[in-house]
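When a ligand or atom number is given, it counts from 1 through the structure's own listing order.
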Amino acid sequence: MQPESVLSRLALVGRTPLATLPTPLLPAPSLAAALRADVHISIKADAWTGLGLGGNKVRKLEYELDPARLDGVTDLVTAGGPHSNHCRVTAAAAARLGLGCTLVINGEPGDAGRGNALLHRLLGARIATVAERAARGAAMANEADRIAAAGGRALVVPVGASTPRGALAYVRAAAELREQVGNGDRVSGPTKSAAARGLSPGPAQSRGAAVWIFTSSSSGGTLAGLIAGCALMDWRAQLIGVSPDDPAGMVHGAATEIALAAAALLPHPPHGSHPGADELTRRIRNIAAATLVTDAFVGPGYGAPTRAAEEAIALFGARAGVILDPVYTGKAAAAMIAWVRERKVPPGAHVIFLHTGGHPALFR
Ligand SMILES: *Cc1c(COP(=O)(O)O)cnc(C)c1O
């Protein structure tokens with residue numbers, strides 16, 4: 001299936017436009033030169049999806065907030081940590097759509113005037129604090145009841161929007177990326193001028209080069225969408241999920257389940273050549289089995305700094321002009337850098353780093 005047919009099939013699913021799309025695919029030749037001369041590196045800039053400082057949650061909310069599901073809704077309710085990117089973007093979406101927003105936050109931020117904690121308030125969200133993660137579900141239900149008692153209606157958005165519906169956003173992103181990468185024999189726009197300036201991306205541009213896609217993966221929705229998208233297009237890109245917190249097996253299992261459920265949501269269009277449901281399930285299982293998830297870059301724990309992430313942030317900044325965050329993308333980039341240096345990535349490969357956002361964590 002071609003990227004265009006994936007996009008036309010996705011067009012049959014309800015979506016509320018919130019993101020600035022497509023996000024650019026930025027060639028990073030001097031980053032590649034600093035690591036290894038025989039690979040090409042590009043950065044898929046989903047940090048620049050726009051709304052509320054962007055990131056991967058903007059794409060996911062486009063599908064989670066399907067217009068049909070918003071019918072009669074007055075408020076969005078969701079949950080996360082005191083510096084949750086998902087809470088920030090949900091609050092921004094509510095404000096954009098003229099809805100109220102209640103955030104159930106587990107724990108107090110160190111400084112409520114910094115980072116996402118500041119942005120949650122600037123975006124007009126009502127904050128309900130609970131002591132621990134385990135209390136979030138019940139608290140969200142209570143908030144929805146309170147809103148109903150006042151004559152409103154709440155839509156509860158699951159944590160991280162890592163639902164099958166939310167994952168469809170990364171099916172779309174996979175199609176977008178495939179179009180930008182081409183079939184291995186062309187890369188979008190700026191590469192040409194980079195080549196003209198003598199910053200040739202090198203042998204990785206050769207026809208049919210292997211594509212390796214690195215992404216931060218936590219609740220698994222982003223990786224799930226990429227898996228389902230690659231399955232639909234029969235695209236043999238090597239996917240690598242880098243966990244910022246949970247054990248690799250857990251992330252891998254969640255991504256696989258969400259990918260299967262996301263594919264089941266896709267309606268069958270009247271014409272065109274589309275893989276049947278059984279064929280699609282088979283492909284998703286194959287791609288999931290080939291997908292690598294690592295938890296080797298978590299360090300002491302979620303959000304805790306690591307030397308490798310600090311080096312990755314410095315390298316992306318100085319060699320690509322791209323700013324990473326310390327919680328998610330810094331650790332994912334550390335994995336990419338290590339794999340490129342250790343030659344786990346084959347010569348000639350086109351390595352794509354999916355930048356999922358998270359900038360406010362630099363300022364907390
Ligand atoms: C939420 C988030 C992720 C993880 O995405 P999942 O779909 O939950 O796996 C990665 N990076 C950033 C910056 C995020 O905010």
Problem - Atom indices of ligand 1 within 4.0 angstrom of Thr222 heavy atoms, with elements - result: 5 (O), 6 (P), 7 (O)
Exercise for the section: List every atom of ligand 1 that sits less than 4.0 Å from any heavy atom of Thr356, numbering the atoms from 1 in the order shown and giving each element. Expected result: 10 (C), 11 (N), 12 (C), 13 (C)
Practice task
Given salt bridge (charged side-chain N to carboxylate O under 4.0 Å, His left out), test Glu143 with Arg146 step by step and report yes or no.
Solution key: CA-CA 5 Å; Glu143 292 299 328; Arg146 181 187 57 76; 2.8 Å; yes
Practice task
Check Ser219 against ligand 1 and report side chain, backbone, both or neither, counting heavy atoms closer than 4.0 Å.
Solution key: both
Practice task
Assess the side chains of Thr23 and Lys44: does a donor N or O sit below 3.5 Å from an acceptor N or O?
Solution key: yes
Fill in the blank from the handout: Contact region, Asn56 to ligand 1, non-hydrogen atoms below 4.0 Å, reads side chain
Practice task
Check whether any side-chain heavy atom of Arg9 sits under 4.5 Å from a side-chain heavy atom of Leu232, and report yes or no.
Solution key: yes
Completion exercise
Closest to atom 9 (O) of ligand 1 (heavy atoms only, candidates Pro360, Ala332, Gly358, Ser218) is Ser218
Practice task
Could you tell me which atoms of ligand 1, counted from 1 in the order shown, lie closer than 4.0 angstrom to a heavy atom of Ser162?
Solution key: 7 (O), 8 (O)
Exercise for the section: Please confirm whether Gly55 comes under 4.0 Å of ligand 1, counting heavy atoms of the residue only. Expected result: no
Fill in the blank from the handout: Here the atoms of ligand 1 under 4.0 Å from any heavy atom belonging to Asn85 are 13 (C), 14 (C), 15 (O)
Exercise for the section: Going by the side chain to side chain contact (heavy atoms under 4.5 Å, CB included) test, name the single residue among Val293, Leu354, Thr256, Ile213 that passes it with Leu223. Expected result: Val293
Problem - Residue portion contacting ligand 1 (non-hydrogen atoms closer than 4.0 Å) for His86 - result: neither
Completion exercise
Atoms of ligand 1 under 4.0 Å from any heavy atom of Ser217, numbered from 1 in the order shown, are 9 (O)
Exercise for the section: Would you kindly say whether His350 and Ser42 are connected by a side-chain donor-acceptor distance under 3.5 Å? Expected result: yes
Exercise for the section: For Lys60, counting its heavy atoms only, list the atoms of ligand 1 lying under 4.0 Å from any of them. Expected result: 6 (P), 7 (O), 8 (O)
Completion exercise
atom 1 (C) of ligand 1 sits nearest the protein heavy atom Lys57 NZ, 1.4 Å
Handout entry: hydrophobic_cluster_shared for Leu260 and Tyr63, side chain cutoff 4.5 Å
Key = yes
Completion exercise
For Ser216, the ligand 1 atoms with a heavy-atom partner under 4.0 Å come out as 10 (C), 11 (N)
Fill in the blank from the handout: One finds that the ligand 1 atoms under 4.0 Å from a non-hydrogen atom of Gly220 are 6 (P), 8 (O), 9 (O)
Practice task
Decide whether Arg59 and Asn56 meet the rule of one side-chain donor and one side-chain acceptor closer than 3.5 Å.
Solution key: no
Exercise for the section: Could you go through the salt bridge (charged side-chain N to carboxylate O under 4.0 Å, His left out) check for Arg283 and Glu279 one step at a time? Expected result: CA-CA 6 Å; Arg283 285 193 205 168; Glu279 167 65 7; 2.9 Å; yes
Exercise for the section: Kindly determine whether Val89 and His86 satisfy side-chain contact (heavy atoms from CB on, under 4.5 Å), including the steps that lead there. Expected result: CA-CA 5 Å; Val89 174; His86 165 70; over 6 Å; no
